[in-house]
Number of protein chains: 2
Amino acid sequence: MDQLFYPKSAVVIGVSESPDNLARTIVENLLEFQYQGKIHLLGKEEGTLFGRKIYTSLDDFNDKVDVAVILTPAPTVPGLLEACGKKKIRWVILETGGFSEYSKEGAQLEKEVLGVARKWRIRLVGPNGIGIVNTENGFVVPFVGMKRGPAREGKVSILAQSGGVSFTYFNLLSSAHVGISKMVSMGNKLDLDEIDYLRYLARDPQTEIIGLYLESIGKGRALMEAAQTTSKPIVLHKANIGESSRQIAKLHTAALANDDQIVETALKQANIIRTKDFRSFVNAVNVLSLPAMKGDRLVVLSRSGGIAIMAADSAETHGFRLHPFTDEFQKQIHSYFRAKVIRPTNPLDLGDLFDFDLHIKILEKVLQIEAVDGILFQHGAIGEEMEPSRKLILTVKELSFRYQKPIALCYLTEEEELAFVKRTIDYPIFAEPSDALSALAISRDHTFRKNLARKKPPFHRVNRTKVRHLLRKAEIEKRDPLLPEAFEVLRAYGIPVAGYELIHDKKELVSAFQKMGKPVALKVISPEVSHKSDRGGVLLDIGDPSEAGKAFEKIKKAGGKTFSGVLVQKMIPEGMEVILGAKRDPSFGPVVLFGFGGIYVEILKESSIRVAPINRLEAEEMILEVKASAILKGARGKNPLDIKALVESLLRLSQLMIDFPEIEGIDINPVIVQEKGAVAVDARIAFAKVRESKFQ
Amino acid sequence: MDQLFYPKSAVVIGVSESPDNLARTIVENLLEFQYQGKIHLLGKEEGTLFGRKIYTSLDDFNDKVDVAVILTPAPTVPGLLEACGKKKIRWVILETGGFSEYSKEGAQLEKEVLGVARKWRIRLVGPNGIGIVNTENGFVVPFVGMKRGPAREGKVSILAQSGGVSFTYFNLLSSAHVGISKMVSMGNKLDLDEIDYLRYLARDPQTEIIGLYLESIGKGRALMEAAQTTSKPIVLHKANIGESSRQIAKLHTAALANDDQIVETALKQANIIRTKDFRSFVNAVNVLSLPAMKGDRLVVLSRSGGIAIMAADSAETHGFRLHPFTDEFQKQIHSYFRAKVIRPTNPLDLGDLFDFDLHIKILEKVLQIEAVDGILFQHGAIGEEMEPSRKLILTVKELSFRYQKPIALCYLTEEEELAFVKRTIDYPIFAEPSDALSALAISRDHTFRKNLARKKPPFHRVNRTKVRHLLRKAEIEKRDPLLPEAFEVLRAYGIPVAGYELIHDKKELVSAFQKMGKPVALKVISPEVSHKSDRGGVLLDIGDPSEAGKAFEKIKKAGGKTFSGVLVQKMIPEGMEVILGAKRDPSFGPVVLFGFGGIYVEILKESSIRVAPINRLEAEEMILEVKASAILKGARGKNPLDIKALVESLLRLSQLMIDFPEIEGIDINPVIVQEKGAVAVDARIAFAKVRESKFQ
């Protein structure tokens, strides 16, 4: 992909002499950014633009071309691409719009375009984007005019679908003195997509931070893998959250978790930083260019007591601890104060000190406290103080890097001055305490997850052959493997299930009764009865063999035409009902779910989710992050229930989903958790409609 | 208070010729802002400052003085105040720090200061603030230098505790072309507090919007009343949330609700707009100067398709509906488009149109759609487009006021340009879509609550005399009225309670049994046993008279030395357990609480709260805002339970708290809700430790 970002020669297709011509802006940008490669121009009509000849055919010149940039009406694209292929151009940046994003006809045309590209082994950027920017070599081809002034070379690379969003980030980051290395407006991602670019940027020595704006995550699993294999931080703004998520509603637990819940957890698992708007994106990029926040011990220094309190509120919201000063330290600080009417606590109010050198002196003393992980330094100045404040900021920068601790500088001043220092000083400035603290929290959490070497999922020895056999059998019979096969599968994977026996008539029922000991539950086996209890297909707590006959008749009736037997199950003593589940997300692949059963699941709609495979820590987190897990830990003086057993079952469920891509989803509902053990009482397994290959 | 803000003459006390002298800045500010009243100077030593004489005693000049501004060391203040009193100065602005906020000695001194003030009937601003600003007459007395340039006269008045925060708001609002009328840095609020200033500003013809920054709400009830009696919007930034709330832990339900939950609900009830940081405060003030958003139907116009999507996400988050365009309307818009590769939907992507006149044309067409309540207009420009964009903004302003609909303008441009247009153009500009939409949501919600004429709480005829008698009896006996008096009180207020009888020996138990019909519950009455069930003081479901004797012995033993009887209660058939409660908040006075019982209350810690008295609508909201109320509405195909009965009981509970200030708290736990009716099964009442007078 180096050839795409660093081409030796390029052709711009769609150029004319007309001042309205959009493609001419592309040429202007290349000139403005002093691109040193060869530039060829191609148009419908011959002419001259910026002293260069406009050709009408790629055959009109002999030079080898690395990249073609096309901005012509959509219907002309397949033909032009054909010509590019013949010219052996391997990379095409297609900026034209009016394809699948616009109409059905456009989508058809897009398919055709892809066909031509595949045929000639052309790799495509776009369509419906504004192309590529590389500030290093000046290869800047958007059809919107850009100026070299605000755009500086730097360490952040941006991938975005929308052109407008790319530009906004470009401008905002430039305004914040954050340099851009590369930028791609990916458009419809017909061929190349974020994963391709991401893999390139992960290896690109110019790129240190990757910023992503996505309206959809088509290949979530690949995105996670790309993030997990690079040490470069990735900041992602995922938009289009409101889109009604395509739920795999087939299974009960599956429907509990919506797409965005999966996105949220997946990004956390991959340590991708998620932001929600322009400001939080820029703040995240900003804080990543500071030394990392390695813990949660914070000191707040503020020129105003009131703002110090606002900062303390925000610090608490973000889970920081305000590191207390020792008496000795307080005495030292106090000796600097003039009127001595302010207590030198943390947060520390510097309002009494008008000498900036003292601010710096105190700041350095705080940095020297080993336990302190980071500092919020709130400064404010208007009028005559603005000039010396610029020097102050440079000193703050020097100190932050010398002591290798982040100093989040929050500077309240006139907006014009703020704009000036942000653009000219190479140190991030936050507009207010809440911005600075959410940025520090990003740094802390990112560092924490990075250091937490992701532990491998444990490997359980299981009877895979048996499961394969069971699944194949059910598949041949063209039905989802309901009871009792689902139980067999779980057993093979070491997930405890309630003792059961499959019977077909009253006689078998009586003998099952005798073997199992009472009381028992009876459950119908019948493909047409999916929700058994709603249809009277479940009878609980049958303790008397004399009831059994009547019960069998009832169940049989409930089973309807497809009645194929009754599952006799030993009643499990009372406990807490939970649900374990798994499904296959179209983007992120296999995920496991945990939630509470009964009334909790329906009313509180609270569940947790992780992309599989999960490790032990993740399984534990899954359980504990659900509020109602307080019950498991032993609420109201009761003994705690067996969380460990649940963890074990979740891990095995995760392994099962990884091992058998043909399983679409699993719903173990309920699992009864007791003081010792957790036993599955009902379970369903559904087959995959999607293929594993989609997640590569 | 007019005299305080518009004094004819003022004396500044604490002035010296020294360039370090802080009080001289006060004089500088008065001169800078061209204050036209008389200015007298007072200091320890005679001298001259800015051509004015510094006197050493108030007796040295004869003029009548309206306001004294004091900035001298704390210990000198009582003496100076004494002198002010003799001089018949009625208003003193005390900017000195080092009082109760600093030390115990300071607190003592503060008391002394208040004593002197009361003696001379002096009203005090401060101490520990930076005084008052009135841009109208130039009475500007902070001890920090201010420039007339950025400060413009306007319609917003600001009350803040902290000086730094006041200044920051002053500067931020000036930067956003929002004029300030008056500003008070209230400091320690030793005498005058936010309620006093608020009442003045509510009548002040110069003030249209009131902004408040508070670190504590000492008189919450008075704040609510002040807000409810003015039509001027109040924006409040309440800081110091992290402070561990002083919980009245005596009652179970009381402890569920923390202070900030009360603050949150109280502000909503009083339609005070709560903001959480500088940005949201400024955005709120900004949106309030636009025409009001009268509903939730929104149109998004954006220069970028991507930003339009971000805006749509944010619109959904804030509960807006994107008003769909008719086919005809779409056709019309489409006719303006150049390349015709963008669909004219809502959100509408204007990316294809480079002619700003067309943007305006479309904007006006959208404004003409009657159903549309407001518009997010996202504009972006850099380079040459910045100049014509200024004109565009002025046109947007004109249209917004002509059509009386809010157009939240979000402008993405270079920061310097943004600072310039914000400061120079008298129309609010939001930095990004999420800011603009949260501002529009504020406007919509504020308008909604304003129009929703607050319905009066219903009046129930109750037996007040009986309750007074019961409470007095319990008071004389020096104990909280536990069972059975609590039941009697509830009954007198028409809150249904389970049938009961108080017995003292086995014989009475047997006869109670016969009267009541089985099964029954037995509950111990004993002052030393507060949590009855934890101590074995409750026996449920006793259906057999033969068990009764043994049960009585058990209960009696559980009651310990203070055993005074057993409450025999008819068992209530199963239902949902909820909790009704009430307590007296030290700031907001009586509040009522609602939550779910049993495991829900302990684990999910979810409850709702309202400041009493409540009306029917508020009682309904209280119940429905608790997630678990889905169960009451009839979850899992079950019949709905009697929410109406709960509403009725909440209303009566509210009235009880209003009628009897001596009640500190009431805990009705549980109330069993059934398909028909809701019956209190246990209840406790505690006496007030705080006096009603505190809430005035």
Side-chain angles (χ1 to χ4, degrees), chain A residues 74 97-98 102 145 147 150 160-165 167-168 171 175 213 215 239-242 276-279 303-307 309-310 312-314 316 339 341-343 351 380 382-383 412-416 418-420 422-423 431-434 599 602-604 627-628 630-631 635-636, chain B residues 74 97-98 102 145 147 150 160-165 167-168 171 175 213 215 239-242 276-279 303-307 309-310 312-314 316 339 341-343 351 380 382-383 412-416 418-420 422-423 431-434 599 602-604 627-628 630-631 635-636:
Chain A
Y102 182 64
K147 293 271 163 256
Q161 275 173 269
S162 147
V165 172
F167 263 116
T168 305
N171 290 326
S175 289
Y213 170 83
E215 283 156 20
N240 203 15
I241 304 165
K276 59 179 205 314
D277 51 21
F278 288 124
R279 185 179 299 116
R303 269 203 99 175
S304 146
I307 299 175
I309 288 176
M310 290 170 55
D313 281 348
S314 188
E316 195 170 311
V341 294
I342 295 175
R343 279 164 175 264
I382 51 164
L412 292 161
T413 183
E414 286 168 17
E415 294 226 355
E416 288 82 353
L418 190 65
F420 176 79
K422 277 170 72 176
R423 188 184 294 284
E432 63 174 301
S434 55
I599 211 145
E602 301 237 352
I603 304 300
L604 304 172
K627 250 185 177 179
I631 303 168
R636 306 195 118 193
Chain B
Y102 182 64
K147 292 271 164 256
Q161 277 174 270
S162 147
V165 173
F167 262 116
T168 305
N171 289 325
S175 291
Y213 169 83
E215 283 156 19
N240 203 16
I241 304 164
K276 61 179 203 315
D277 52 21
F278 289 123
R279 185 179 298 115
R303 271 203 97 175
S304 148
I307 299 175
I309 288 176
M310 290 170 55
D313 280 348
S314 188
E316 192 169 315
V341 294
I342 295 175
R343 278 163 175 265
I382 51 164
L412 292 161
T413 182
E414 286 168 18
E415 293 226 356
E416 288 82 351
L418 190 65
F420 177 79
K422 276 170 75 176
R423 188 184 296 284
E432 63 174 300
S434 55
I599 211 146
E602 302 236 352
I603 304 301
L604 305 172
K627 252 185 177 180
I631 302 169
R636 308 194 117 194

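Residue numbers start from 1 in every chain, and the chains themselves are labelled A, B, ... in the order their sequence lines are given, proteins ahead of strands.
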* Who among A/Lys422, A/Arg279, A/Lys276, A/Gln161 has the most heavy-atom pairs with chain B under 4.5 Å? -> A/Arg279

* Heavy-atom distance under 4.5 Å to chain B: side chain of A/Tyr213, backbone, both or neither? -> side chain

* Side-chain heavy-atom pair B/Ser162, A/Ile309 within 4.5 angstrom cut-off -> no

* Structure fact -> Honestly, the part of A/Ile307 sitting under 4.5 Å from a heavy atom of chain B is both

* Asked: Is any side-chain heavy atom of B/Val165 closer than 4.5 Å to a side-chain heavy atom of B/Phe278?
  -> yes

* Asked: Within a strict 4.5 Å, meaning less than it, do heavy atoms of the A/Glu416 and B/Glu416 side chains meet?
  -> no

* Taking only Lys NZ, Arg NE, NH1 and NH2, and the carboxylate oxygens of Asp or Glu, determine whether B/Arg423 and A/Glu415 approach each other closer than 4.0 Å. => no

* **Pairs of heavy atoms under 4.5 Å with chain A: top-ranked of B/Leu418, B/Thr413, B/Thr168** => B/Thr168

